[in-house]
Student: 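Pasting a structure below so you can have a look.
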Amino acid sequence: MSASAPRPIRLGVNVDHVATLRNARGGRLPDPVRAARAAIAAGADGITAHLREDRRHITDEDVRRLRKEIAAPLNFEMAATEEMLAIALELKPHAACLVPERRTERTTEGGLDAAGQCNALAPVVARLKGAGIRVSLFIAADPRQIEATTRIGAPAIEIHTGAWCEALTQAHAAEAATEWERIRAGAQAAHAAGLEVHAGHGLDYETAEAVARLPEVVELNIGHFLVSEALFSGFDSVVRQMRAAIARGRVRAERAA
Ligand code: PXP
């Protein structure tokens, strides 16, 4: 690769909300595995799915089918519970992303408190790593959480971009600027600490392009926006557009370097 060639950045498509739509009616439609197949055919690098404790969207059968029927890497989002650990160890996905889970939340609202839960998280991470599963912790871009991730022994973080995206949506410019600076500095600090840096939550074409400008970020996981847009344009079109947005961000990062 030449010095000016953009560093690759992976796109993981989260199909949780295809399952949300299916579950609204019961039955089998729309099928998240079909969405996963379409996303991969359109250029996604992998599929992400979150098996929640309450099974509100993705089900056990979905993750088993995703693992069996989709050859591309599966990033299994999971709470650090014994139940999920047992499923992950049986499923052996390419990757597992440990996320906090509260029954009452609509979505994963905050990052994992890696600093406060070091003792509980370290053995879970060790067992996943022992099974050859790449582990990331979904955390806020906070120096304490980044430092805790290195102590816990996870090789990667996923920076929670939700607060920044929400501030932009609400047109809270000062808050958005503060959140962006946190993400930028966090990506740098995590990379310097030897961690692989991923990002996700609330991203759309514009925000994904902006995050792709951060040279430390090598993976984005995006779901709700893509599923929403796919209702109007189809998975093929939205995944291709997202790939193009990410590529634009990456090229700008390289030019700025
Ligand atoms: N990454 C993680 C760890 C998540 O929990 C989620 C939401 O399930 C996402 C990425 C994707 O967020 P969104 O659906 O808002 O794109």
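Just so you know, ligand 1 is whichever comes first in the structure, and atom 1 is the first atom listed for that ligand. Remember, it's a predicted structure, so these values are computed and weren't measured experimentally.
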Student: Below 3.5 angstrom, do we get any N/O pair linking Glu77 and ligand 1?
Tutor: yes
Student: Nearest 0.5 Å, please: how far is OG1 in Thr149 from CD in Glu158?
Tutor: 12.0 Å
Student: Near Val99, which atoms of ligand 1 are under 4.0 Å from a heavy atom of that residue?
Tutor: 3 (C)
Student: Output the list of atoms in ligand 1 that are nearer than 4.0 Å to some heavy atom of Ile222, sorted by atom number.
Tutor: 16 (O)
Student: Check this for me - ligand 1, Gly223, N or O atoms closer than 3.5 angstrom, yes or no?
Tutor: yes
Student: Is the closest basic N to carboxylate O distance between Asp62 and Arg22 below 4.0 Å?
Tutor: yes
Student: Please determine if Arg184 and Glu181 form a salt bridge, counting it only when a charged side-chain N lies under 4.0 Å from a carboxylate O.
Tutor: yes
Student: Please identify which atoms of ligand 1 are closer than 4.0 Å to at least one heavy atom of Asn221.
Tutor: 10 (C), 11 (C)
Student: Under a 4.0 Å N-O cut-off, is there an ion pair linking Arg248 with Glu206?
Tutor: no
Student: Please identify which atoms of ligand 1 are closer than 4.0 Å to at least one heavy atom of Gly202.
Tutor: 12 (O), 13 (P), 15 (O), 16 (O)
Student: Using the test side chain to side chain contact (heavy atoms under 4.5 Å, CB included), find all partners of Glu82 that sit at least two apart in sequence or belong to another chain.
Tutor: Leu85, Arg127
Student: Give, for atom CZ of Arg144 and atom CD1 of Ile139, the distance between the pair rounded to the nearest 0.5 Å.
Tutor: 11.0 Å
Student: Heavy atom to atom 10 (C) of ligand 1, shortest distance: which of His50, Glu158, His17 holds it?
Tutor: Glu158
Student: Ignoring angles and geometry beyond distance, decide whether Gly200 reaches within less than 3.5 Å of ligand 1 through its nitrogen or oxygen atoms.
Tutor: no
Student: Looking at Glu77, Arg52, Met78, which hits side chain to side chain contact (heavy atoms under 4.5 Å, CB included) with Glu101?
Tutor: Arg52
Student: Which atoms of ligand 1 sit under 4.0 Å from any heavy atom of Asp16?
Tutor: 8 (O)
